[in-house]
Amino acid sequence: MGTSSGANFHQQLPQGMPPPRHNRGTPNLQTSLSLASSDQVGTPDIQERASNSDPGHDSATESASSRETWPVEPNKSSGGGAATTIRIVDKDKEVATKGVAERQVIRSTGRVTLREVARERVDLVAEKMKVMLDEVLDEIKSELRSILEGTEGSHHVEEFLYLQKLVQNRVDLTPTTLLMAHHVQLEILVAIKTGIQAFLHPSLNLPLSHLAEVYLYKRCRNIACKSALPAEECRCNICSNRNGFCNLCMCVICNKFDFEVNTCRWIGCDVCSHWTHTDCAIRDEQIGSGQKINNGIAHPEMLFRCQACQRTSELLGWVRDVFQQCAPGWDRDALLRELEYVCKIFRLSEDSKGRNLFRRCDDLIERLRSGTAQSMSPRALLPALQAFLVGLGIFCCNSVHCKPPSTHR
């Protein structure tokens with residue numbers, strides 16, 4: 001666990017912190033939810049999907065799925081992906097019906113490979129996919145989902161990095177060419193670039209234009225957000241310079257998003273309304289002991305410094321807001337987790353209120369872990385904890401930032 005011993009913030013503070021943002025209807029999808037920055041380079045954890053711009057490296061062996069399955073036209077090389085001949089069979093030897101030859105197009109049971117989709121021209125792959133059976137298209141998406149899940153360990157890591165390298169090295173994937181793609185083709189390209197398997201989910205059907213905007217960093221890749229970027233037309237340094245960053249749902253430190261809501265896991269800045277993971281803030285020493293000036297007298301207090309605007313906000317009022325507005329919906333496990341986050345934040349507090357809050361939460365954690373489910377239920381514990389917070393003299397600032405913003409956090 002990170003500490004905040006090196007963070008000392010001394011300045012006049014705005015009062016209060018916004019509570020966690022409320023969810024706008026998170027799809028019930030099994031997805032890879034955590035993404036690294038589009039600017040960062042690193043090897044992906046298959047459970048927590050990789051960077052959007054990692055150049056990757058070649059796999060040591062050819063994937064079994066990369067075998068060519070389409071017929072090669074005469075005098076054409078199959079090295080870069082074979083050209084496809086779509087078979088057209090004349091029905092009844094082109095017997096004319098109402099003056100028009102009646103033809104039956106036989107849909108191909110063949111398939112393209114993921115490497116072809118990542119490497120070949122958009123229009124050529126789109127033509128192939130148009131005549132493929134839906135079952136075959138689903139099989140291709142299922143194969144990529146398995147790679148993103150990492151079911152075969154290092155082999156799938158290498159294959160993902162190779163596919164991502166193929167996609168990221170292309171200069172032909174422009175707004176015009178992407179809109180020429182087959183819908184499944186573009187879903188695959190977006191999933192490879194972002195590392196998010198939610199784009200392959202059978203029940204998700206985003207418009208082609210939406211997928212193209214996600215690919216081009218013009219729309220948030222968080223399927224529960226979908227905001228046009230830059231969100232709220234924010235022109236701060238982070239929103240302007242980080243490809244694909246969304247200030248409504250992504251952490252300003254790690255650039256990742258998730259579907260956690262109504263929680264102390266996220267801290268919102270009451271000045272610029274950008275959001276930060278509590279763990280990231282602790283690790284990067286953005287949470288620490290500082291001083292609040294009240295009537296000319298400095299008082300120690302635990303503060304959060306926003307990396308987006310460099311302004312600081314106090315944390316005691318924020319904790320009270322979260323527990324007042326969100327705690328009624330928590331079960332026992334959620335309450336235990338939230339108390340642990342409060343302990344992380346105030347473990348090194350130098351002020352009496354912060355130390356008292358830490359001790360009270362630490363005591364409740366022990367009672368939850370050792371007590372019976374009924375006596376230690378949130379319904380039994382929360383009133384006492386909320387009364388304790390009120391007793392500390394922590395008050396909401398009643399500013400607009402203390403109301404849940406119209407976002408999904």
For this session: Indicate yes or no: does E116 engage K128 in a salt bridge with an N to O separation below 4.0 Å.
Result: yes

For this session: Determine the interplanar angle of the W266 and H277 rings, folded into 0 to 90°, and report it as parallel if under 30°, tilted if 30 to 60°, perpendicular if over 60°.
Result: tilted

Exercise. Listed by chain and number, what are the side-chain hydrogen bond (donor to acceptor under 3.5 Å, both in side chains) partners of R359, not counting sequence neighbours?
Worked result: N356

Exercise. Just by distance, with hydrogens left out, do T276 and Q307 show a side-chain donor and acceptor under 3.5 Å apart?
Worked result: no

Problem set entry | Results of side-chain hydrogen bond (donor to acceptor under 3.5 Å, both in side chains) for S142 - residues two or more places apart only | none

Exercise. Is a side-chain donor or acceptor of E301 paired with a backbone partner of G290 at a separation under 3.5 angstrom?
Worked result: no

Exercise. Any side-chain donor paired with an acceptor under 3.5 Å for E159 and H155?
Worked result: no

Exercise. Just wondering, are more than 12 heavy atoms of other shown residues or ligands nearer than 6.0 Å to CD in E233?
Worked result: no

Problem set entry | Sub-4.5 Å side-chain heavy-atom contact between L148 and L200 | yes

Problem set entry | Check ion pair R337-E260 (N to O, under 4.0 angstrom) | yes

Exercise. Distance under 6.0 Å and angle within 45° of the ring axis: does K193 meet both against Y217?
Worked result: yes

Problem set entry | Residue pair L179 / T177, side-chain heavy-atom distance below 4.5 Å | no

For this session: Would you indicate whether the side-chain heavy atoms of I188 and F199 approach each other to under 4.5 Å?
Result: no

Problem set entry | SB check K344 D279 (cutoff 4.0 Å) | yes

Seminar exercise, completed: salt bridge (Lys or Arg N to Asp or Glu O under 4.0 Å) pairs touching residues 203-215, sequence neighbours excluded, are E213-R219

Problem set entry | Test item: L178 and L208 side chains (from C-beta on) under 4.5 Å apart, heavy atoms | no

